[in-house]
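To keep things clear, I will list the structure first and then write my remarks on it.
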2 protein chains.
Amino acid sequence: MEEQQDFVKDITKMSDDFDRWYTDVVRKAELADWSGVRGMMVVRPYGWAMWEAIQRAFDDMIKESGHENWAFPLLIPRELLVKEAEHIEGFGPEVAWVTKAGAAMEELEEPLAVRPTSETIIGHIIRRYIQSHRDLPKLTNQWNSVVRWEMRSRLFLRSREFWWQEGHTFHASAKEAIEEADLILGYYRSVAEDWLAVPVLVGKKSPAETFPGAVHTLTLEGLMRDGLALQMGTSHYFGQNFARAYDISFSNKDNERELCYSTSWGISTRMVGAIVMAHGDDSGLIVPPKVAPVQVVVVPIFRDDASRAKVEAFINQWSPQLKQHGIRFRVDWRDERPGDKYAHWELKGVPLRLNVGARDVDAAQVELVDRLSRERRALLVSGIATALTSELERFQKRLFERAQEYQRANTVELGTLDEVVSHFRSRGGFAWVEWCGDEAEEARLKADSGGVTIRTIDEHAKPSGKCFVCGQPAKYRVALAKAY
Amino acid sequence: MEEQQDFVKDITKMSDDFDRWYTDVVRKAELADWSGVRGMMVVRPYGWAMWEAIQRAFDDMIKESGHENWAFPLLIPRELLVKEAEHIEGFGPEVAWVTKAGAAMEELEEPLAVRPTSETIIGHIIRRYIQSHRDLPKLTNQWNSVVRWEMRSRLFLRSREFWWQEGHTFHASAKEAIEEADLILGYYRSVAEDWLAVPVLVGKKSPAETFPGAVHTLTLEGLMRDGLALQMGTSHYFGQNFARAYDISFSNKDNERELCYSTSWGISTRMVGAIVMAHGDDSGLIVPPKVAPVQVVVVPIFRDDASRAKVEAFINQWSPQLKQHGIRFRVDWRDERPGDKYAHWELKGVPLRLNVGARDVDAAQVELVDRLSRERRALLVSGIATALTSELERFQKRLFERAQEYQRANTVELGTLDEVVSHFRSRGGFAWVEWCGDEAEEARLKADSGGVTIRTIDEHAKPSGKCFVCGQPAKYRVALAKAY
């Protein structure tokens, strides 16, 4: 097993330097790299396949409930972008502008923004298709990439281009639009918990963290292995704000013109970063089976041509069953030593590995090693596909339970700002407190604590105690954390 | 049926004005519209769903043969774009440039091109991942949109943004790369013929129509109902041209550095335009079942609440079977007259319609109408899902045969340039001729005939006659047409 240690040496230890560990894993597990164009990344097939699995899962959910995919333009005229005041204030500083085009690089009459998000152009377009209440709701979605001129960068978490879906919906009543934003938050929670095995806190954002132009923003917050929270998706309710700015109205049942109520919501390739940071360890990635590009890897072990032929024939007997059962597997015939292969697939976080040597052939079995416990045990090849399917299900469940346990162990209840400051001086995780809702206090929290913020408001709680900052009667129960 | 006639009046007749007919159908069947941003379109859900079906089909094909999806950057530094001389000459005039970004719209040090195609950036990135022949082939693909500053525009066929896949592959030998370009051409042919039911001519482009920087370009050419050819996809072999410009090399089996051999290939949302123009008629679209967003529409017919309840209960009895059999169907309960609904779904080209009235309930049957023959016949609901599945297969086949028949009836063999000029004065379609290969003659053909071009070279033919222009011994058998 020396090879494995040699190989793993290439990765910074998580406990030594989490940031370097993260970058090492993302790059060496072949998820993504910087592209050479400043601040922009290239997502490699192993990372992209995880995003495709997330896409498929979420796309199925929204189609089932009547949402439809559209393709809206990449470029947005400046005049459209600036119509909603809060929105342009929020996004203006991050916009990349197309100002020239064509043979002689002629100046355009009006600059075009490369979309940072599409509320404005979609609002402008969708109004044509809405006349009466019978045209509502309009439930649109698009899978695309957006550009935001970020100055800091971190693979998957913050880059000048990222890939996401953006949903934009238009409704005849506030109630319906509010329910829509809730529905989507539920889907996002399912993507995070059921697919990525990452437990999340869900709830409302405080005013300071609400999306520019929104009435309220819903969020899901996962806890990473360095104790920082990661915002994994948001769902916004706009009331009639966007409809007012972009004049999106309908004739209601009383035949009066009324402004639409709208929502928007998005999850992005940031989700792939969450997989890395919520589950990884010193050996690299651990990928949840439901989104794993490779769920099972087979490593053949042989000394010579004869034993290779024997092992190969054996694998060919039962591996077609795996394909029939929809198991994503790969047989690693690369010209490397077994130990190197073990380390390679551990780094890539493949849930299950099957070691297959000549003696296994004689016993009609394989050696099963799982990436979580690393325990080895014999598995008979009779009924192997069914056995692996249930092993993968168990793995998915154990991974989620492990993340839940981590979240539980890193969540506390605190009473005062002093306690908060002191707690986060040495620890990460979530801290629940009660708050009166004063925005100035929110700013003070951030300043005094070196960056702790209100991640989410528990909408179901009824606080009875005192505000952790001012000691006045509290209105909200909120979760605090340092965050990405 | 008066309603139907009223409705159809809204569409220009194909025989009156094909271009207006096309635009009417694309817009009124809700496939796409102009977005309001000049030259850029918005693809609506009914059109996008066809593209998603094409994506799924082609993505499955390329994954099966080891291709992998990546995400490469949207923006390309100018210095990269200009490295390959022919390439920048070809694309330079069509590029949109990002020159400013951030809060103060600061000037960038170097302009960034919004990708018109990604050979340059992919070449620049992929070279890092290629050291030795063991790293080859690299079979990359990306689904994205590109921007080309076109001056003319036509929905789906020519617009400043379109959606496509671009494949880029890198190989250790010329032979392998040439085979790759051929393999993909075969997949494209399958998409066109097996999925879209559009028969195509496949072969090589003449030098004048070869992609900028390519050694050769393969093409597939479909025939539209106005007699014009449509290039439906291309697959390019670059030899070592791009590898030389972007320094993409590997150490070969003799441990010497060698430049890679590369290919690129793409099909786009233009395919949706092909569906419209290859199959449509005066009533609108006819959509091939395999890519139809709605394969079967059910129109309930009732007079009052009692008969509505009866019809609804009946439909609810058997419609779950349709879903179980994977049939994409919709029951049209909108508050419109049946005749209007018939015309609506004919315009949208839904292959099969089921009319269901109270008398049908009593007879345990529905009335089946197909969009091609428009014949009506009774269909028992016992075993309806199986019956409809085979009806859809038959429909797909008949639609392809109809298009083949049209292509056959509009293909001629001609001998001289005079014959070509005279033929295309009054007719469209394909004309086969034999040609010596002189590029000056290719230019003369275009000038003398008012735009007829060489669409493709039949690579398997061995010409024995005379060149249609100069009368010298011919080298190539080529298909001529006017084209989009």
Side-chain angles (χ1 to χ4, degrees), chain A residues 30 32-33 35-38 40-49 51-52 59 68-77 80 92-105 108 111-112 114 121-122 124-125 128-129 134 140 142-145 147 149 151 160-161 163 269 334-335, chain B residues 30 32-33 35-38 40-49 51-52 59 68-77 80 92-105 108 111-112 114 121-122 124-125 128-129 134 140 142-145 147 149 151 160-161 163 269 334-335:
Chain A
E30 304 181 303
D33 266 321
S35 67
V37 185
R38 191 181 305 169
M40 302 190 97
M41 64 173 182
V42 52
V43 185
R44 299 180 67 184
Y46 197 67
W48 192 255
W51 179 237
E52 284 184 345
D59 203 62
E68 298 179 310
N69 287 334
W70 295 57
F72 295 102
L74 170 67
L75 303 178
I76 305 175
L80 276 186
E94 297 183 353
V95 172
W97 295 97
V98 172
T99 65
K100 294 177 181 178
M105 290 186 73
L108 300 181
L112 296 166
V114 182
I121 183 78
I122 292 177
H124 177 70
I125 289 172
R128 293 185 224 164
Y129 305 119
R134 281 183 300 272
T140 79
Q142 183 174 9
W143 295 95
N144 60 27
S145 76
V147 169
W149 222 246
M151 287 306 152
R160 286 186 174 174
E161 178 181 24
W163 291 263
T269 38
R334 289 176 309 144
D335 189 18
Chain B
E30 303 180 303
D33 266 321
S35 67
V37 186
R38 193 182 303 171
M40 302 191 97
M41 64 174 182
V42 52
V43 185
R44 299 179 67 183
Y46 197 67
W48 192 256
W51 178 237
E52 284 184 345
D59 203 64
E68 297 178 310
N69 287 334
W70 295 58
F72 296 102
L74 170 67
L75 302 179
I76 306 174
L80 276 185
E94 296 183 353
V95 173
W97 296 96
V98 172
T99 65
K100 295 178 179 176
M105 289 186 75
L108 300 181
L112 296 165
V114 181
I121 183 78
I122 292 177
H124 176 71
I125 289 173
R128 293 185 223 165
Y129 306 120
R134 281 184 301 272
T140 80
Q142 183 174 10
W143 295 96
N144 60 27
S145 75
V147 170
W149 222 246
M151 286 306 152
R160 286 186 173 173
E161 179 180 23
W163 292 263
T269 38
R334 290 175 308 145
D335 189 18

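Heavy-atom basis, side chains included; hydrogens, waters and symmetry copies ignored. Residue numbering restarts at 1 for every chain, and letters A, B, ... go by the order of the sequence lines. As the structure is a prediction and not an experimental result, all values here were calculated from the model.
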Segment of B:Leu75 engaging chain A (4.5 angstrom heavy-atom cut-off): both
Interchain contact, B:Leu80 with chain A, by part (heavy-atom threshold 4.5 Å): neither
Structural part of B:Tyr129 lying under 4.5 Å from a heavy atom of chain A: side chain
Which of B:Asp33, B:Asn144, B:Leu112 touches chain A most, by non-hydrogen pairs under 4.5 Å: B:Asp33
Contact origin within A:Val114 toward chain B - heavy atom pairs under 4.5 Å: side chain
Segment of A:Arg38 engaging chain B (4.5 angstrom heavy-atom cut-off): neither
Closest-packed option against chain A by number of heavy-atom pairs under 4.5 Å, given B:Glu68, B:Met105, B:Arg334: B:Met105
Heavy-atom pairs under 4.5 Å with chain A, option from B:Leu108, B:Val95, B:Asn69, B:Asp335 with the top count: B:Asn69
Among the listed options B:Pro73, B:Ala104, B:Ala32, the residue most often paired with chain A at heavy-atom distances under 4.5 Å: B:Pro73
Contact class of A:Ile125 relative to chain B, heavy atoms under 4.5 angstrom: side chain
Among the listed options B:Arg128, B:Glu94, B:His124, the residue most often paired with chain A at heavy-atom distances under 4.5 Å: B:Arg128
Any donor-acceptor pair under 3.5 Å from B:Ser145 side chain to B:Glu161 backbone: no
Shortest non-hydrogen contact from B:Trp163 toward B:Trp51: O-CZ2, 3.9 Å
Contact summary for B:Val43 and B:Gly47, nearest pair of heavy atoms: CG1-C, 3.9 Å
Partner chain B: residue of A:Glu52, A:Gln142, A:Arg44 with the largest heavy-atom pair count (under 4.5 Å): A:Arg44
Shortest non-hydrogen contact from A:Met40 toward B:Leu74: CE-N, 4.5 Å
Closest non-hydrogen atom pair, B:Trp70 against A:Val42: CE3-CG2, 3.8 Å
Taking every non-hydrogen atom, the tightest pair across A:Trp48 and B:Ala71: CZ3-CB, 3.5 Å
Proximal component of B:Arg160, with respect to chain A [non-hydrogen, under 4.5 Å]: neither
Residue A:Glu30 versus chain B: region with a heavy atom under 4.5 Å: neither
Portion of A:Met41 that has a non-hydrogen atom of chain B nearer than 4.5 angstrom: backbone
ring-ring contact (aromatic ring centres under 6.0 Å, His included) partners for B:Trp149, two or more places apart: none
Contact winner vs chain A - B:Pro111, B:Ala96, B:Pro77, B:Gly102, heavy-atom pairs under 4.5 Å: B:Gly102
